[in-house]
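Just below is one structure, and these are the notes that go with it.
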Amino acid sequence: MTDQQILILILFSPILLTQSILLFVNAKKRNSYAWFWGIWGLIQFPLPTIFYWFFVIRRHRKRNGKD
């Protein structure tokens, strides 16, 4: 591995880990496939968060009459 690849790995690892943890915890609260969202959050950024917002949060708010 080159120095540039190591630097990129060091910079993106905390971002992916944080995203994954937040998605997992929030999905667990909403009973919405927590492991799926957590693992997907480890793979890429920011698509899992965007899709989570559309498919889980918006649907949950509409169901509860908040949107």
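These values consider heavy atoms only, across backbone and side chains, with no hydrogens, waters or symmetry-generated copies.
Both Tyr33 and Val56 are part of a single hydrophobic cluster, where members link through side-chain heavy atoms under 4.5 Å apart. A single hydrophobic cluster is not seen to contain both Ile39 and Phe24; linkage of ILVMFWY side chains at heavy-atom distances under 4.5 Å, directly or through other members, places them apart. Transitive grouping of hydrophobic side chains (ILVMFWY, heavy atoms separated by less than 4.5 Å) brings Phe51 and Leu23 into a common cluster.
When hydrophobic side chains of Ile, Leu, Val, Met, Phe, Trp and Tyr are connected at separations under 4.5 Å, Leu7 ends up clustered with Leu11. Here Phe45 sits in one hydrophobic cluster together with Ile8, Phe12, Ile15, Leu16; the rule is ILVMFWY side chains under 4.5 Å apart, joined directly or through other members.
At a threshold of 4.5 Å between non-hydrogen side-chain atoms, the residues Trp37 and Arg30 do not count as touching.
Proximity of a side-chain donor or acceptor of Ser32 to a complementary backbone N or O of Ala27 within less than 3.5 Å is not detected.
Considering CD1 of Ile21 and CG of Asn26, their distance stands at 13.5 Å, rounded to 0.5 Å.
The distance between the ring centers of Phe36 and Trp40 falls below 6.0 angstrom.
Considering only residues two or more places apart in sequence or on other chains, Thr49 meets the side-chain hydrogen bond (donor to acceptor under 3.5 Å, both in side chains) condition with Gln19.
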